[in-house]
Amino acid sequence: MPSSPIDVLSRHLEHVTVTDPPTDLPTLAELLDTIPDPRSRRGRRYRLGPLLALSLLAVLGGATSLAKIARFIAGYDPELRARAGLPGTVRLAASTLGRLFSRLDGDAFDTATCTYLAALADCGPHSTIDIRPPTRTTLTGLAVDGKTLRGSRTPDGVIHLLAATRHDTQVVVAQRQVEAKSNEIPAFTPLLSHLDLTGVVVTADALHTQHDHARQIVAAGGHYLFIVKGNQPTLLRRLKALPWREAILNDRTDETGHGRREIRRMKLCTVRPGLPFTHAAQAIQVKRRRTDHRTGKTTIVTIYAVTDLSPGRITHPQLAALIRGHWSIEALHHIRDVTYREDACRVRSGTAPRILATLRNLAIGLARLIGWTNVAAAIDHYRSHPADGLQLLGFTT
């Protein structure tokens with residue numbers, strides 16, 4: 001039994017190379033078996049770990065609903081199911097699976113799966129940002145953003161999840177459900193509280209440009225890069241008043257794709273100690289000029305941001321890459337919506353919508369970590385080769 005899904009990488013994608021995989025990481029099935037089981041011991045037919053692992057295998061194969069997950073599991077070869085720890089004959093109804101998912105502890109499930117993905121991300125193929133001397137450590141971007149599960153329903157409204165996602169791999173390393181009748185701000189501190197932020201740059205949109213968030217990140221050994229908008233009017237006004245016309249151009253990119261051309265120009269101003277934001281060392285202005293090739297329409301948007309990264313700690317192209325990298329979490333949400341049809345999912349009971357969202361995060365994260373750049377192609381592969389999926393989950397050698 002392999003110690004890590006990275007061990008089976010060469011069998012799926014021979015062109016990807018991974019060095020020094022972890023040797024002490026439990027298999028995913030073993031980890032899922034430690035999640036509290038809400039079912040009564042009497043009449044329990046299937047072990048929780050293998051059942052959740054096969055549900056993940058179904059999601060890896062493109063299952064977008066409870067009914068499809070149940071059909072995937074029932075349709076697998078009996079020998080394959082037996083290797084996964086389930087009896088050869090499985091009569092699993094979608095309603096039974098839904099009742100289980102709706103009663104699972106969402107926090108425990110997120111903690112287990114995110115911890116597992118974070119451990120894999122530390123050994124998988126990913127890029128980091130080198131910092132120049134005197135510090136020789138590396139910086140990794142971590143994007144924080146929320147997503148509403150629009151098809152979900154609770155007595156208090158829809159479910160909203162706040163997640164922290166690595167820029168380089170789209171791996172979700174932490175996720176929490178936002179309390180009903182609240183917003184993302186109170187969930188930010190507990191989301192990051194258990195993460196090691198050493199060598200991490202936390203990026204977030206304007207909602208999280210809060211003094212307390214900046215203090216928390218810096219106290220934990222990390223750095224921040226926050227977008228500034230109208231919810232911080234004094235700060236935004238001070239940023240706009242900086243001498244941008246006299247500032248030199250620090251970085252320029254010109255990219256064409258998806259039917260448009262986008263030119264991004266970045267300028268920096270050293271602001272310490274004059275900017276009224278905790279630990280702020282630099283202000284950033286990004287002008288984005290986007291031309292739609294189909295309509296010929298050009299739009300220009302100016303974005304302001306603040307960071308505690310001092311001048312010289314990171315190169316200008318790398319800082320620009322961190323700003324662009326924040327939108328990797330939006331790309332993850334796009335995959336969940338378009339490829340997995342998350343917003344069209346009508347699972348509503350208990351924690352089931354959250355469990356399904358976490359399974360999608362886990363499937364996308366595993367696919368990215370073993371080298372898939374196209375999630376739709378990964379889905380086609382694992383739908384046709386479920387045994388390869390079992391290797392990822394640690395059931396076969």
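Along the sequence shown, the residues carry numbers beginning at 1.
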Task: Where G61 and F72 come nearest, the two heavy atoms and their spacing - done: O-CZ, 3.5 Å

- [ ] Please answer whether the main-chain N or O of P190 pairs with a side-chain N or O of S193 as donor and acceptor at a distance below 3.5 Å.
- [x] yes

Contacts table for residues 241-250: side-chain donor-acceptor under 3.5 angstrom, sequence neighbours left out:
unit_1: W244; atom_1: NE1; unit_2: L239; atom_2: O; d: 2.7
unit_1: N250; atom_1: OD1; unit_2: L268; atom_2: N; d: 2.7

Task: Residue pair D308 / G222: nearest heavy atoms and the distance that separates them - done: OD2-O, 4.0 Å

Task: Hphob cluster co-occupancy, L149 + V172, side-chain heavy atoms under 4.5 angstrom - done: no

Open item on the list: With a 4.0 Å cut-off on N to O distance, would you call D343 and K147 a salt bridge?
Closed with: yes

Open item on the list: Rounded at 0.5 Å granularity, tell me how far CG in L162 sits from CG in L191.
Closed with: 5.0 Å

- [ ] Quickly, which of F277, Y224, F226 forms a ring pair (Phe, Tyr, Trp, His ring centres under 6.0 Å) with H211? Name it, please.
- [x] F277

Open item on the list: Test of understanding: clusters of I, L, V, M, F, W, Y form through side-chain heavy atoms closer than 4.5 Å, transitively. Do I159 and V144 belong to the same one?
Closed with: no

Open item on the list: Please find the pair of heavy atoms, one from L32 and one from L48, that lie closest to each other, and give the distance.
Closed with: O-CD2, 4.2 Å

TODO: Could you tell me which non-hydrogen atom of V158 sits nearest to which non-hydrogen atom of S152, and how far apart they are?
DONE: CG1-O, 3.2 Å

Task: R346 atom CZ, over 12 foreign heavy atoms within 6.0 Å - done: yes

Open item on the list: Filter on ring-ring contact (aromatic ring centres under 6.0 Å, His included), then keep only pairs touching residues 321-370, sequence neighbours left out; what's left?
Closed with: none

Using residues 356-364 as the side-chain source, report each donor-acceptor pair under 3.5 Å to any protein atom, sequence neighbours left out, with the distance given to one decimal.
unit_1: T358; atom_1: OG1; unit_2: D110; atom_2: OD1; d: 2.5
unit_1: T358; atom_1: OG1; unit_2: Q175; atom_2: NE2; d: 3.2
unit_1: T358; atom_1: OG1; unit_2: R354; atom_2: O; d: 3.1
unit_1: R360; atom_1: NH1; unit_2: E342; atom_2: OE2; d: 2.8
unit_1: N361; atom_1: OD1; unit_2: R336; atom_2: NH1; d: 2.9
unit_1: N361; atom_1: ND2; unit_2: Q175; atom_2: OE1; d: 3.0

- [ ] Assess the side chains of H167 and T203: does a donor N or O sit below 3.5 Å from an acceptor N or O?
- [x] yes

Open item on the list: Would you say T351 and S102 are linked by a side-chain donor-acceptor pair, where the criterion is simply a distance under 3.5 Å?
Closed with: no

TODO: Compare every heavy atom of A94 with every heavy atom of A67, then report the nearest pair and how far apart it is.
DONE: CA-CB, 3.6 Å

Open item on the list: Check this for me, if you would: do E79 and R81 make a salt bridge, where the nitrogen-to-carboxylate-oxygen distance has to be below 4.0 angstrom?
Closed with: no

Task: Approximate separation, where rounding is to 0.5 Å, of D145 CG and L207 CG - done: 9.0 Å

Task: Test item: side-chain donor near acceptor, E184 and H208, under 3.5 Å - done: yes

Task: Between Q216 and T189, a side-chain donor and acceptor under 3.5 Å - done: yes

